[in-house]
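Report on one structure; see the data block that follows.
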Amino acid sequence: MRRPPIPGLVLEDGWLQPYSREIQARMKLFDMEMKRLRQRYGSLQKCALGYRRMGFNRSASTGDWIYREWAPGARELHLIGDFNGWDRTATPLSRDSEGIWSVTLPADALHHGDRVKVHVVGSDLQAMDRIPAWIGRTVQDPATHDFCGQIWEPETPYAWEHPDFDPSHIAIPFIYEAHTGMAGEEPRLHSYREFADNVLPRIAALGYNVIQLMAVQEHPYYGSFGYHVSSFFAPSSRFGTPEDLKYLVDKAHGMGLAVLLDIVHSHAVKNMAEGLNNFDGSGGQYFHPGERGTHPDWDSCCFDYGRHEVIEFLLSNVRWWLDEFRFDGFRFDGVTSMLYYHRGHEPFSDLGSYFNTQVDQEAITYLQLASTLIQEIKPGAFAIAEDMSGMPGLCRPVDEGGMGFTHRLAMGIPDFWIKLIKEKKDEEWSMGDIWYTLTNRRYGEPNIAYCESHDQALVGDKTLAFRLMDADMYWHMDEGSQSLVIDRGIALHKMIRLISLAAGGEGWLNFMGNEFGHPEWIDFPREGNDWSYQYCRRQWSLADNGNLRYKYLKAFDKAMVAMAGEARLPAAPPARPLNLDEANQIMAFERGGLLFVFNWSGDRAIPDYEIPAPSRGEWRRILDTDAREFGGFGRLDPAVAHHTDDKQNLRLYLLPRSALILSRTYASGRIL
């Protein structure tokens with residue numbers, strides 16, 4: 001493919017002109033890799049069918065089992081399992097010139113449910129039983145805690161009830177981030193089917209249209225939140241069977257919900273007993289050897305994106321989840337760590353930080369290939385990058401010099417709110433700082449706004465609600481109780497979420513339970529808490545209890561999402577400031593034809609406050625955080641209309657710690 005002399009990314013953003021050469025070099029690397037894959041496999045999609053070549057598959061002609069494993073540095077491989085009494089010499093594999101080992105077994109040699117491993121004698125002469133790299137299911141022995149691969153070939157394949165679900169109909173993602181295991185009320189592990197039957201209806205009723213599932217890829221340590229993956233093709237068996245996961249996805253599709261996999265291709269667990277680390281004894285293989293192959297913060301292994309076999313393994317993994325489980329896209333974990341050799345530990349002080357020698361060009365090429373593959377397999381699917389660096393072009397098309405993601409997470413917003421609440425008194429909150437943080441992004445590269453995700457809910461941190469109200473939530477969330485702490489917390493919780501959604505991005509994300517101010521933190525069972533599930537669950541009953549004030553936060557979240565969806569707010573042009581009043585702590589801005597007005601002051605009510613309106617005419621309130629149905633005091637009459645004066649200004653009564661959304665009323669009486 002002949003590329004234009006100036007990359008589209010530079011034409012879109014003239015500030016990138018000094019780095020045009022570097023962007024062109026990235027495009028050239030991508031073209032070269034695509035050419036190699038096409039020459040070898042015929043197409044990118046065929047390259048990503050590695051799971052039909054590697055691991056356990058049946059011969060199309062004979063039905064025999066063929067097991068293949070890439071282990072170029074190994075001296076010997078032997079398949080072991082229930083089928084041969086775990087005899088480490090009975091079933092040797094043979095090696096080809098590319099380092100792929102294989103063995104063919106009779107059609108009846110392996111059966112559904114058989115446990116298997118591969119005994120590897122590595123190049124370092126160390127022998128170890130390993131889990132096959134491409135295995136589609138692993139199970140853990142409840143007594144020994146040892147993981148094994150498991151042959152999974154049920155007699156009756158899962159019958160999809162909604163096979164034609166199309167994620168492209170979702171123009172604006174309202175994402176509900178969730179964890180299957182901790183999604184139930186009881187202090188125990190919960191299953192895929194329980195999530196499908198009990199939690200999906202809640203998500204749909206709230207108005208969200210996308211679910212982002214964490215901790216699906218198999219991981220040996222539950223407390224890793226699913227981010228230390230051991231078996232990349234295996235859905236975690238602690239939550240059920242592969243058919244149970246398919247049931248979850250299928251049921252979500254029946255409710256009109258897209259389902260994203262929180263995919264981890266940025267690193268892998270170091271465990272050799274369960275994972276890929278030093279699989280062939282060479283000290284590298286899937287990962288960089290030495291220091292470069294170890295993540296300094298996560299104590300995990302970093303993939304070598306320069307090896308063709310690793311690229312093909314990861315691309316096949318992407319396609320596996322799209323094809324086999326019908327996921328509608330991915331949230332890519334740890335993209336910042338992938339993009340830079342320094343793993344995100346150096347500041348991004350200028351544009352040069354994104355184009356210097358610390359950028360991993362091989363990782364960029366992999367991400368470009370992955371995003372291209374996703375759209376080829378499932379047009380309209382989501383590819384969301386967890387990147388805190390602000391890499392230019394991350395969410396621009398690959399043919400412009402970008403990396404092809406559909407969205408990036410606006411990671412600076414939750415960090416800002418935590419820092420603000422922790423370090424500043426309410427009267428010290430700066431309108432300019434809030435506005436800058438919410439609107440400082442690369443327009444044309446969609447962001448997912450959020451004010452808290454799972455990161456803010458983990459032990460050692462606090463959710464917004466718990467940080468605002470803390471222990472008072474235990475004693476004063478009932479209807480009859482009076483507490484200034486609770487009143488303040490409920491008011492600010494609504495305002496922070498509303499302004500983050502309204503001004504912070506082109507999509508929205510909420511973590512499970514935060515919509516109703518779920519108290520406490522998440523603490524997985526571990527030795528330090530005596531392996532307790534007490535804080536590894538979601539207390540839905542708090543929001544369902546009509547005597548508790550959690551219901552008001554839930555009602556507000558539902559109304560907020562409905563408003564944003566009906567107005568197509570995140571799809572509108574960027575928010576436009578109308579008034580940033582530091583002295584009175586008033587903010588007013590326009591987005592999508594709506595007028596947003598926030599009074600952050602805790603004690604100052606202002607009558608007849610003058611605000612420039614986006615257009616002349618009559619304006620009416622469509623959302624009021626102080627409304628009684630949202631746990632407020634109901635001090636404003638919702639029937640009152642407001643009219644612009646001859647200068648196109650509105651005069652509003654602004655109550656402390658409250659926000660209003662107003663919409664033009666047209667001659668037909670239509671609002672919005």
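Computed over heavy atoms, backbone and side chain alike; hydrogens, waters and symmetry mates excluded.
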Between [atom1] of [X] and [atom2] of [Y], what distance do you get to the nearest 0.5 Å?
{"X": "Ile611", "Y": "Leu654", "atom1": "CD1", "atom2": "CG", "result": "5.0 Å"}
{"X": "Phe332", "Y": "Met338", "atom1": "CZ", "atom2": "CE", "result": "7.5 Å"}
{"X": "Leu213", "Y": "Arg331", "atom1": "CG", "atom2": "CZ", "result": "12.5 Å"}
{"X": "Leu492", "Y": "Leu468", "atom1": "CG", "atom2": "CG", "result": "5.5 Å"}
{"X": "Phe466", "Y": "Gln456", "atom1": "CZ", "atom2": "CD", "result": "15.5 Å"}
{"X": "Asp333", "Y": "Ser266", "atom1": "CG", "atom2": "OG", "result": "4.0 Å"}

- Query: Does a sphere of radius 6.0 Å around CZ in Arg188 hold more than 12 heavy atoms from other residues, nucleotides or ligands, not counting ones at 6.0 Å or beyond?
  - Reply: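 Yes.
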
- Query: Taking atom CD of Glu428 as the centre, does the number of heavy atoms from other residues, nucleotides or ligands within less than 6.0 Å exceed 12?
  - Reply: yes

State, to 0.1 Å, how close [X] and [Y] come at their nearest heavy-atom pair, and which atoms those are.
{"X": "Ser168", "Y": "Gly380", "value": "CB-CA, 3.8 Å"}
{"X": "Ala449", "Y": "Ile413", "value": "CB-CD1, 4.4 Å"}
{"X": "Ala613", "Y": "Trp619", "value": "CB-NE1, 4.1 Å"}
{"X": "Tyr221", "Y": "Pro525", "value": "OH-O, 4.3 Å"}
{"X": "Phe348", "Y": "His342", "value": "CZ-CE1, 3.7 Å"}
{"X": "Ala178", "Y": "Met512", "value": "CB-SD, 3.9 Å"}

- Item | Intermediate values then yes/no, side chain to side chain donor-acceptor pair (under 3.5 Å), Ser389 and Tyr354 | CA-CA 9 Å; Ser389 74; Tyr354 306 113; 5.4 Å; no

- Query: With Pro570, which residues qualify under side-chain contact (heavy atoms from CB on, under 4.5 Å), at least two apart?
  - Reply: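 Pro570: side-chain contact (heavy atoms from CB on, under 4.5 Å) contacts with Ile172, Phe174, Ala564.
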
- Which residues satisfy the side-chain contact (heavy atoms from CB on, under 4.5 Å) test with Val229, sequence neighbours excluded? Gln217, Phe232, Val264

- Message: I'd like to know if Arg537 pairs up with Asp523 as an ion pair, taking the criterion as any Lys NZ or Arg NE/NH1/NH2 lying under 4.0 Å from an Asp or Glu carboxylate oxygen.
- Response: no

Are the side chain of [X] and the backbone N or O of [Y] linked by a donor-acceptor pair below 3.5 Å?
{"X": "Thr625", "Y": "Ser658", "value": "no"}
{"X": "Asp626", "Y": "Phe633", "value": "yes"}
{"X": "His407", "Y": "Pro173", "value": "no"}
{"X": "Ser541", "Y": "Asp544", "value": "no"}
{"X": "Asp645", "Y": "Lys647", "value": "yes"}
{"X": "Asp262", "Y": "Gln212", "value": "no"}

- Task: Would you check, one step at a time, whether the test ring-ring contact (aromatic ring centres under 6.0 Å, His included) holds for Phe225 with His454?
- Result: CA-CA 9 Å; Phe225 232 142; His454 70 271; 5.0 Å; yes

- Message: For Glu610 and Leu650: C-alpha separation, side-chain torsions, deciding distance, then whether side chain to side chain contact (heavy atoms under 4.5 Å, CB included) applies.
- Response: CA-CA 6 Å; Glu610 189 174 277; Leu650 289 171; over 6 Å; no

- Item | Side chains of Ile661 and Met563 in contact at under 4.5 Å (non-hydrogen atoms) |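 Answer yes - side chains close enough.
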
- Message: Could you tell me if the side chain of Arg664 sits less than 4.5 Å from the side chain of Ser615, heavy atoms only?
- Response: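 Sidechains of Arg664 and Ser615: in contact.
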
- Item | Criterion salt bridge (charged side-chain N to carboxylate O under 4.0 Å, His left out) on Asp426 and Arg657, from CA distance to verdict | CA-CA 10 Å; Asp426 292 6; Arg657 285 202 188 102; 2.7 Å; yes

- Just grab all the side chain to side chain donor-acceptor pair (under 3.5 Å) pairs involving residues 552-563, residues at least two apart or on different chains.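 Pairs touching residues 552-563 that pass the test: Tyr208-Asp557, Glu479-Tyr552, Arg497-Asp557.
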
- Query: Does the side chain of Tyr443 pick up a donor-acceptor pair with the side chain of Glu506 at under 3.5 Å?
  - Reply: no

